[in-house]
Amino acid sequence: MALVPALGIILCLTLLIAAVQQMSVQQLASFKARSNSQRALELAQIGANAYLFQLSSSFNTSLPWLPPSNPVDQASPAWPVDHATFRQRAGKDAQFPVRNYPAGTPGQGFVVGHRTEAGGVVVFSYGFCNGAVRMIRVTAVIFSPFEFAAAFGLDPYSPDMPGPGGDTGPAWTFTGSAKIVGASGSEGLVNNSPWVEWYDGPLYLTGRGNELNPTLDPAGLVSGPDVPPGHVGTGKLASPFVRRMSRSLNIPTVDEAAKQYVSKRWQINNTVGVRWFASNNNNATGIRYLVRNKTVGHPHFGKVRHLDSGPSLGTQANPVLNLGQVSGNTLAQAGMTADEEFYGVRVYPGNYFFTRVNQPSSQGATLYLRSYPDGGAGVDMSGDALVVYGDANYSTVAVNPNPNSAFEREIRFWVGDVTTGNNSQTQLSNNIWMEYRQYPSRFRILFGNQAGCAISGDSQKKFTVNMLAYNIYRPTSGQNQGIAIPTGSVTLASNTYLYGSLVCWQLDVRGGATIERQALMEQSPYEVMAYSVMDWREFR
Amino acid sequence: MTLGRRRRSGTTLVEALVATLLLSMAAAATVVAWSTMHLAPRNKLMADRALAISMSEIERIHATGFVYTSTGTTIRWYDRNGTWLGPDARTGFFRAETVIAVVLSVPTGDSDREMLEARIRIADFSNVTLYRESRTVLIFGGI
């Protein structure tokens with residue numbers, strides 16, 4: 001008799017226990033699904049970041065879990081695909097290369113591809129974990145060394161921590177009342193003068209710059225029309241003005257920039273750096289004398305044309321661009337007629353290699369930069385349209401004489417070391433005129449020479465340029481033989497006004513000089529320091 | 001001889017012993033089930049909170065960004081509800097340990113272009129019970 005009620009109780013308890021177990025299993029399954037889904041999202045983010053790193057490194061890095069290059073512009077089916085299609089194709093289709101992360105962990109990882117867009121990329125990253133899949137789309141733009149600062153000094157060494165070759169910095173030296181307009185920064189000591197004026201900002205102190213300038217906290221000013229003298233427009237004051245970052249920005253050297261440029265531009269493996277351009281340049285075709293018809297009453301009075309040649313550059317191995325005064329004889333031999341007078345030297349969009357540029361300040365030849373493609377237009381120093389003809393009859397507007405360069409708009413000077421002997425300092429002045437003036441980034445000087453560069457000028461005519469002066473050299477003899485020594489010094493003379501961007505190892509700014517960050521910069525797909533994410537979102 | 005035995009109501013000893021045994025087993029199973037009923041939601045709650053803390057840590061790392069991130073180990077403490085206890089806390093219910101290290105370094109000149117990896121470990125206060133382990137990667141300009 002006792003068994004019956006006992007069995008009844010047991011039955012009830014059994015049902016209770018089964019229900020509890022079912023509840024536990026369901027809760028566990030629900031949590032597992034959520035956990036796997038979250039991990040899939042984390043893996044999608046990891047995949048996207050790893051892919052952007054690979055893109056900026058031209059996929060020259062090697063870790064087993066890093067994603068390979070996977071352009072999907074022409075993929076079929078078109079990306080992004082839905083999750084069902086992804087599950088079918090991941091690891092089976094060459095367009096869906098799987099990488100497990102952490103390396104060797106089965107069942108979780110990512111698949112990444114990218115589409116190229118103007119000025120950047122769109123990256124699609126699928127993360128998966130134990131069956132869960134999540135996908136994000138990331139929009140990133142090219143970030144170049146010239147992107148963010150009017151001036152940036154790189155030398156992190158100091159007297160208490162000297163660098164190779166006895167380098168003790170500083171990254172920046174100011175004397176007198178220099179003016180900095182826009183973002184600027186330093187990875188080393190800023191030898192600040194109390195009369196320096198900082199406009200708009202911010203001032204970035206990165207890496208050792210953060211440690212070496214613990215009390216640097218200048219009061220920011222707002223720029224305005226002719227404040228500082230020569231400035232156009234009104235700026236905005238950054239807040240906070242000083243931004244301290246613990247990490248270095250890892251600006252690439254000129255040799256690295258040259259390798260990357262050649263690789264991205266022509267898919268050629270450049271192993272020598274800036275000297276690759278010594279035998280691959282437009283020196284012979286793209287630099288031309290300009291002459292103007294001076295004869296009053298002549299049907300072509302006032303017109304300007306280019307001659308068939310330009311200044312002699314010396315040897316091909318060690319070319320020097322001399323922009324001093326040019327003799328009448330030289331011009332006559334180049335084709336100038338008696339009705340014409342010397343107007344200047346014109347450089348067309350292309351790549352040029354020199355071991356030195358010698359431009360006396362305000363004397364000698366004006367260097368005209370035709371910073372627009374064929375069919376475009378520029379202005380002269382008076383602001384009037386500058387039309388340059390390509391023939392002696394002044395009948396045809398000059399086109400870019402560099403081969404396959406009709407659509408080019410950027411002029412790059414690559415300055416490297418001499419092959420024998422000692423380098424001489426490059427001297428530039430603001431007697432350089434950019435015919436299309438909106439983008440200083442269309443004139444780039446990549447200065448990989450040990451001798452440094454001095455820039456002079458005045459506030460009436462801005463020197464528009466994007467300049468990177470930073471390289472590594474290894475002495476072949478002496479006590480520093482074989483040691484990697486960074487170099488790249490630029491001196492801005494008093495009252496010079498540089499507009500654009502100047503990134504260099506050591507910067508010396510003399511009293512009254514002004515450096516203003518360019519307002520607008522055109523992206524070049526060939527100089528990619530990194531990709532900067534502008535937006536990311538999940539796709540379902 | 002008496003015809004038929006008179007039947008008496010009640011339980012035999014064997015029946016009583018078997019019933020007792022079965023009821024004991026059922027009671028023991030019920031105790032276990034009861035314990036599971038208590039522990040399962042609690043464990044799930046802890047796991048859920050650890051997941052939330054892990055997500056929060058990853059978002060914090062991404063929001064800080066590559067240029068402001070130093071390598072090294074940091075430990076942050078959270079209470080049982082998953083609320084951060086502040087920078088001065090030295091103990092709590094959940095322990096979130098973040099280790100940031102350079103995972104890849106590409107020479108670019110005087111310095112190297114780096115990729116950082118952050119490993120986040122959510123455990124109990126004694127660092128014995130591991131609730132969750134997560135990772136993320138940081139690069140210049142990245143997410």
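All chains are named by letter (A, B, ...) in the order of the sequence lines, taking the proteins before the strands, and each is independently numbered beginning at 1.
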Legend entry - A/Phe53 vs B/Val106, side chain to side chain contact (heavy atoms under 4.5 Å, CB included): CA-CA, chis, key distance, verdict: CA-CA 10 Å; A/Phe53 188 90; B/Val106 175; 3.8 Å; yes

Inset, instruction - Applying side chain to side chain contact (heavy atoms under 4.5 Å, CB included), run through A/Thr206 and B/Val67 and close with a yes or a no. - result: CA-CA 8 Å; A/Thr206 64; B/Val67 290; over 6 Å; no

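Residue B/Glu59 touches chain A through its side chain alone, counting heavy-atom pairs closer than 4.5 Å. Both the backbone and the side chain of B/Glu114 come within less than 4.5 Å of a heavy atom in chain A. Heavy atoms closer than 4.5 Å to chain B are found nowhere in A/Ala140, neither backbone nor side chain. Looking at B/Thr12, there are no atoms closer than 4.5 Å to chain A (heavy atoms on both sides), in backbone or side chain. A/Ser56 touches chain B through backbone and side chain together, each having a heavy atom under 4.5 Å away. Contacts between A/Ser35 and chain B at a heavy-atom distance below 4.5 Å involve backbone atoms as well as side-chain atoms. The contact between A/Ile136 and chain B is made entirely by side chain atoms (from C-beta outward), counting heavy-atom distances below 4.5 Å. Heavy atoms of B/Val14 lying under 4.5 Å from chain A are absent altogether. Proximity to chain B is absent for every atom of A/Tyr204, based on heavy atoms less than 4.5 angstrom apart. Using a 4.5 Å cut-off between heavy atoms, A/Met529 contacts chain B through both its backbone and its side chain. Heavy atoms of B/Leu138 lying under 4.5 Å from chain A belong exclusively to its backbone.
Annotation: maximal heavy-atom pairing with chain B below 4.5 Å, among A/Gln38, A/Lys259, A/Arg244, occurs at A/Gln38. Heavy-atom pairs under 4.5 Å with chain B peak, among A/Leu52, A/Ile485, A/Ile10, at A/Ile10. Among B/Ile58, B/Thr69, B/Val18, the residue with the largest count of heavy-atom pairs under 4.5 Å with chain A is B/Thr69. Between chain B and the residues A/Arg34, A/Gln21, A/Met23, A/Arg243, the most heavy-atom pairs under 4.5 angstrom are made by A/Arg34.
Taken from CE in B/Met115 to OG in A/Ser57, the straight-line distance is 7.5 Å, to the nearest 0.5 Å. From B/Ser70, atom OG reaches atom CE of A/Met245 across 12.5 Å, with rounding to the nearest 0.5 Å. Distance check, rounded to the nearest 0.5 Å: CG of B/Leu51 to CZ of A/Phe31 gives 5.5 Å. Rounding to the nearest 0.5 angstrom, the gap separating the CG atom in B/Leu45 from the CD atom in A/Gln27 is 10.0 Å. Taking CG of B/Leu22 as the reference point, atom CG of A/Leu7 lies at 6.0 Å (rounded to 0.5 Å). To the nearest 0.5 Å, the span separating CD1 on B/Ile139 from CG on A/Asn250 amounts to 12.0 Å.
Both tests do not hold together for A/Arg247 against B/Phe140: distance to the six-membered ring centre under 6.0 Å, angle to the ring axis within 45°.
The nearest pair of heavy atoms linking B/Val103 to A/Leu63 is O-CD1, 3.8 Å. Between A/Leu13 and B/Ala26, the closest heavy-atom pair is CD1-CB, 3.5 Å. The minimum heavy-atom distance linking A/Arg39 with B/Ser134 is given by the pair NH1-CA, 4.0 Å.
Within a 6.0 Å sphere centred on CZ of B/Phe125, heavy atoms belonging to other residues, nucleotides or ligands number 12 at most. Environment of CE in A/Met161: crowded, with over 12 heavy atoms of neighbouring residues, nucleotides or ligands closer than 6.0 Å.
By the 4.5 Å heavy-atom criterion applied to side chains, B/Ile143 and A/Val138 are counted as neighbours. You'll find the side chain of B/Arg113 stays beyond 4.5 Å of the side chain of A/Glu256, heavy atoms only.
No donor-acceptor pair closer than 3.5 Å links the side chain of A/Asn49 to the backbone N or O of B/Gly142.
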